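A, B, ... follow the sequence lines: proteins, then strands. Residue 1 opens every chain. These numbers were taken from a predicted model, which means no experiment stands behind them.
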Protein chains: 2
Amino acid sequence: MNEKRALLIDTALALFYTKGINSVGINEILKTSGIAKKTLYGHFEGKEALVLAALKQRHENFITWLEAEISEAESDQEVIKRLFDALGSWFNSKEPSLGDFRGCFFINTAAEFSDKDSDISHYCREHKEEVKRLIKNKLTSQSPLLLDAICILKEGAITTAYVTGKGSEVTSKCIKILSAY
Amino acid sequence: MNEKRALLIDTALALFYTKGINSVGINEILKTSGIAKKTLYGHFEGKEALVLAALKQRHENFITWLEAEISEAESDQEVIKRLFDALGSWFNSKEPSLGDFRGCFFINTAAEFSDKDSDISHYCREHKEEVKRLIKNKLTSQSPLLLDAICILKEGAITTAYVTGKGSEVTSKCIKILSAY
DNA sequence: TACCAGGTAGACAAATTGGTCTACTAATAT
DNA sequence: ATATTAGTAGACCAATTTGTCTACCTGGTA
């Protein structure tokens, strides 16, 4: 049923995110989920289809989470504060719906698949665009520069937090930087 | 000799950067470089040692390139302009010494190796610290916020350029954002 | 000459990969 | 009652992985 399919996706997503896609074999996903191989290949054409499903799942988790975090903001300054505070919480692995922080799943995945025309690379780009759209819709300011500043700093914060390991400092810096606007 | 060793590292770096480390096998590096397997294992303990050597080579290439790009700047505004113009050129694959742009090699590599205590992850962090130090030394301003703003935007620009594919727009936005300081 | 370091070419081993297939079970719908 | 569907368990396959090993070649040096 759909339960098996969902369990497969959740297991794959968790393993892919924490270990990287090429480091996780089909057999490990099966063993962890306790599902038989034939069931997997009944639901998915192959590993790539499973990767795509995991990306989709992550995208939904992330958008849902982000929207909830910034929905109640009543000014642009508050949008910025809520956004980067939420990111800081994510960086410190305090957001259960996003799992232990290990960078951006889409950036990490895009890094593993060199073919820029593949469905996977394509989906990673769409994710970023949709996040940008979500932020744009919450802002009252129509300044494209503000929107770009927020999004570029957001990307920078994610990779900086991942590579340096210090999560909360980066986000408060971003808020200060943006307070000039 | 050292020539073989150098050729091995250069070949490995080129392949690792364009395809990702887990997607490149030892045999492909050997075939591309035309070097025998036993020679490789005479120079390196194993694949991981080769990865580390490639990271080191990339680090040197990158630092040398960056230093040359911003060395002649005579004001902080000029440092910023030169830095982001250079990045924009890199994003458009116009910097031969850095190869066809495919994001930051260190971020990509860190994404593939989940163990945060491994030599590889460690080296990726050191690289970012050294780049930051280089920029810091070129700035006359002692404001830590300016330095952080530059570095976070730089990281954001790299991943944004990689995932969206549009390289030059991002960097001019960064320069505009920083012109507020 | 004889030796030896450093190289080539590639067979080979052991493990792992993604994926197919057979045999069996359990529940449900006709 | 029977046929179908969805599942389990796991053997099996072909390809690929990293790494070792044997056999041979070559150029410089004692």
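In this entry the distance linking CG of B/L7 with C1' of C/dT8 reads 14 Å, nearest Å. When rounded to the nearest whole Å, the span between CG of A/N2 and C1' of D/dT5 equals 14 Å. The nearest whole Å value for the distance from the NZ atom in B/K4 to the C1' atom in C/dA5 is 14 Å. Counting to the nearest Å, the C1' atom of D/dG27 and the CD atom of B/E3 are 14 Å from each other. Atoms CD1 (B/I35) and P (C/dG6) sit 15 Å apart, rounded to a whole Å. The distance from atom CZ of B/F44 to atom C1' of D/dT18 is 16 Å, rounded to the nearest whole Å. Atom CD of B/E28 and atom P of D/dT17 are 8 Å apart (whole Å). The interatomic distance linking B/K31 (NZ) with C/dT8 (P) rounds to 17 Å, in whole Å.
Rounding to the nearest 0.5 angstrom, the gap separating the CD1 atom in B/I158 from the CG atom in B/L153 is 11.5 Å.
Aromatic pair A/F62/A/H127: ring centres closer than 6.0 Å.
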Listing, residues 44-54 of chain B side-chain donor-acceptor contacts under 3.5 Å, not counting sequence neighbours, or none:
{"unit_1": "B/K47", "atom_1": "NZ", "unit_2": "B/I21", "atom_2": "O", "d": "3.2"}
{"unit_1": "B/K47", "atom_1": "NZ", "unit_2": "B/V24", "atom_2": "O", "d": "2.9"}

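For A/T39 and D/dT8, the shortest distance from a side-chain N or O to OP1 or OP2 is below 4.0 Å.
Checking each of B/K132, B/K136, B/K154 against B/D148 for a salt bridge (Lys or Arg N to Asp or Glu O under 4.0 Å) leaves exactly one that passes, namely B/K132. For the ring-ring contact (aromatic ring centres under 6.0 Å, His included) test with B/F91, the passing option among B/F101, B/F84, B/Y162 is B/F101; the others fail.
Annotation: side-chain hydrogen bond (donor to acceptor under 3.5 Å, both in side chains) contacts of B/E126 (sequence neighbours excluded): B/H122.
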Listed pairs, N/O of protein and of nucleotides 18-21 of chain C, under 3.5 Å:
{"unit_1": "C/dG18", "atom_1": "OP1", "unit_2": "A/K47", "atom_2": "NZ", "d": "2.9"}
{"unit_1": "C/dG18", "atom_1": "OP2", "unit_2": "A/I26", "atom_2": "N", "d": "2.7"}
{"unit_1": "C/dG19", "atom_1": "OP2", "unit_2": "A/Y41", "atom_2": "OH", "d": "2.9"}
{"unit_1": "C/dG19", "atom_1": "OP2", "unit_2": "A/K47", "atom_2": "N", "d": "2.9"}
{"unit_1": "C/dG19", "atom_1": "O5'", "unit_2": "A/Y41", "atom_2": "OH", "d": "3.4"}
{"unit_1": "C/dG19", "atom_1": "N7", "unit_2": "A/K37", "atom_2": "NZ", "d": "3.0"}
{"unit_1": "C/dG19", "atom_1": "O6", "unit_2": "A/K37", "atom_2": "NZ", "d": "2.4"}

